[in-house]
Amino acid sequence: MDLGLAGKRALVTGASGGIGQAVARELAAEGVEVVAHYHRNREAAEALGGLAVGADLRDEAQVEALFAAAGPLDLCVANAGVWPSEDVPVAQLPLERWRDTIAGNLTATFLTCRGFARQGGNALVLIGSTAGRFGEAGHADYAAAKAAIGHGLLLSLKNEMAPARVNVVAPGWTVSPMTEASLTDELVDRVTATMPLRKVARTEDIARTVAFLLSDRAAGHITGEVVTVAGGMEGRLLR
């Protein structure tokens with residue numbers, strides 16, 4: 001199906017990472033002119049072939065400079081985020097890590113959405129997580145940030161930004177350069193135990209869902225929705 005995205009301009013934040021790179025490539029294949037944001041990995045963003053712009057999305061001034069450099073945009077994908085790898089229960093969770101995780105996920109997404117809302121555009125997709133739906137033991141900071149993105153922020157934006165459309169894609173376990181080494185057979189068996197499809201996603205699965213939601217032709221009457229891409233996951237085994 002032709003999604004009708006050819007000729008559009010899109011900002012993809014976190015385009016130097018696994019899901020971000022897949023989204024940028026998928027949109028480019030649809031004929032979209034992609035502005036690839038990066039924080040530290042400039043080479044990976046520039047390898048995508050379009051305009052690459054660096055910014056720390058936790059910094060208000062840098063986000064404003066990012067949008068100034070990006071120019072007029074039709075579409076935006078607020079993908080950038082951070083997942084602290086160490087399991088730390090709430091009882092031992094340092095306030096510093098809580099603040100850092102909220103800033104790197106929720107605040108970064110808010111500033112991205114605000115920048116896009118100020119200049120106008122047709123469609124915005126935020127990247128959430130199944131952690132925001134089911135929680136994630138040892139990562140309450142990340143789960144709280146993603147829950148805020150997939151509920152309060154999303155539902156406010158879809159009303160404020162109409163007729164522009166705003167949706168969330170919430171990936172579950174996804175094979176990417178960041179996760180591939182840790183996804184042992186034992187871990188895959190455990191994390192897919194409540195998934196009817198019994199497999200983890202590929203970054204391309206997430207990217208194609210994002211492209212669908214950005215398309216007025218395919219998803220022109222869809223806004224304020226969370227699309228979970230997690231093989232039918234019903235939750236996480238506790239033991």
Side-chain angles (χ1 to χ4, degrees), residues 10-27 32 34-39 41 44-45 48 55 57-58 63 66 73 75-84 101-117 121 123-134 136 139 141-158 161 164-179 200-215 219 222-231 233:
L11 171 66
V12 179
T13 67
S16 59
I19 290 177
Q21 280 196 338
V23 169
R25 290 193 179 102
E26 184 71 21
L27 295 182
V32 176
V34 176
V35 179
H37 157 266
Y38 65 92
H39 185 195
N41 195 346
L48 294 167
L57 298 182
R58 300 167 298 182
V63 175
L66 167 65
L73 298 165
L75 313 168
C76 182
V77 183
N79 163 74
V82 294
W83 180 76
T101 305
I102 296 297
N105 290 282
L106 182 56
T107 302
T109 299
F110 154 68
L111 289 173
T112 300
C113 294
R114 190 181 71 175
F116 185 65
L124 168 64
V125 171
L126 320 180
I127 301 301
S129 170
T130 52
R133 178 179 176 185
F134 300 115
E136 187 169 339
H139 299 272
D141 47 349
Y142 180 78
K146 291 298 189 179
I149 289 168
H151 191 72
L153 182 59
L154 166 67
L155 296 180
S156 300
L157 287 172
K158 65 101 174 176
M161 293 182 64
R165 297 179 303 101
V166 186
N167 292 287
V168 166
V169 173
W173 285 92
T174 304
V175 179
S176 70
M178 182 176 68
T179 64
V200 295
R202 312 293 299 187
T203 54
E204 293 81 6
D205 296 316
I206 314 305
R208 290 167 187 151
T209 306
V210 170
F212 165 78
L213 288 173
L214 288 174
S215 168
I222 299 175
T223 193
E225 299 295 338
V226 178
V227 178
T228 303
V229 184
M233 177 191 286

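All values derive from a computational prediction rather than experimental measurement.
When the options V23, V32, V125 are evaluated for a side chain to side chain contact (heavy atoms under 4.5 Å, CB included) with L214, the one that passes is V125.
When all heavy atoms of L27 and A10 are compared, the pair lying nearest together is CD1-CB, 4.1 Å. Residues A143 and A131 share a closest heavy-atom pair of CB-O, 3.3 Å. Between A103 and R58 the shortest heavy-atom distance is O-CG, 3.5 Å. Taking all atoms of both residues into account, the shortest heavy-atom contact from V34 to A24 is CG2-O, 3.7 Å. Residues N41 and A44 approach most closely at OD1-N, 3.2 Å, considering heavy atoms. The two atoms that bring A15 and A36 nearest to each other are CB-CB, 3.6 Å, heavy atoms only.
The line from OG1 of T223 to CG of L154 is 7.5 Å long, rounded to the nearest 0.5 Å. Here M233 contributes atom CE and W173 contributes atom CH2; the two are 8.5 Å apart, rounded to the nearest 0.5 Å. Summarising the geometry, atom CG belonging to L124 is positioned 10.0 Å from atom CG belonging to L11; distances are rounded to the nearest 0.5 Å. The CZ atom of F116 lies 5.5 Å from the SG atom of C76; values are rounded to the nearest 0.5 Å. Considering SG of C113 and CG of L153, their distance stands at 5.0 Å, rounded to 0.5 Å. Here the straight-line distance linking atom CD1 of I149 with atom CD1 of I127 works out to 9.5 Å at 0.5 Å rounding.
A 4.5 Å side-chain heavy-atom check between T13 and V77 finds every atom pair outside the cut-off. At least one side-chain heavy atom of V169 sits under 4.5 Å from a side-chain heavy atom of I206. Inter-residue side-chain proximity for R165 and K158 is flagged as unmet; no heavy-atom pair is nearer than 4.5 Å.
In this structure, the side chain of H39 does not engage the main chain of A55 through any donor-acceptor pair within 3.5 Å. For the pair T174 (side chain) and G172 (backbone), a donor-acceptor distance under 3.5 Å is present. Looking only at distances, no side-chain donor or acceptor of R114 sits under 3.5 Å from a matching main-chain atom of T109. Proximity of a side-chain donor or acceptor of H37 to a complementary backbone N or O of G14 within less than 3.5 Å is detected. Judged by distance alone, the side chain of T209 and the main-chain N or O of D205 form a donor-acceptor pair under 3.5 Å. Of the possible polar contacts, one joining the N167 side chain to the E225 backbone as a donor-acceptor pair under 3.5 Å is found. For the pair T228 (side chain) and A230 (backbone), a donor-acceptor distance under 3.5 Å is absent. Under a 3.5 Å cut-off, the side chain of N105 and the backbone N or O of A145 do not form any donor-acceptor pair.
Ring pair Y142/W83 is perpendicular by interplanar angle, where above 60° counts as perpendicular and below 30° as parallel.
For the residue pair T101 / D141, a side-chain donor-acceptor distance below 3.5 Å is found, with atom types taken as modelled.
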Before giving the answer on side-chain contact (heavy atoms from CB on, under 4.5 Å), spell out for L66 and L57 the whole-Å C-alpha distance, their side-chain angles and the decisive distance to 0.1 Å.
-> CA-CA 9 Å; L66 167 65; L57 298 182; 3.7 Å; yes
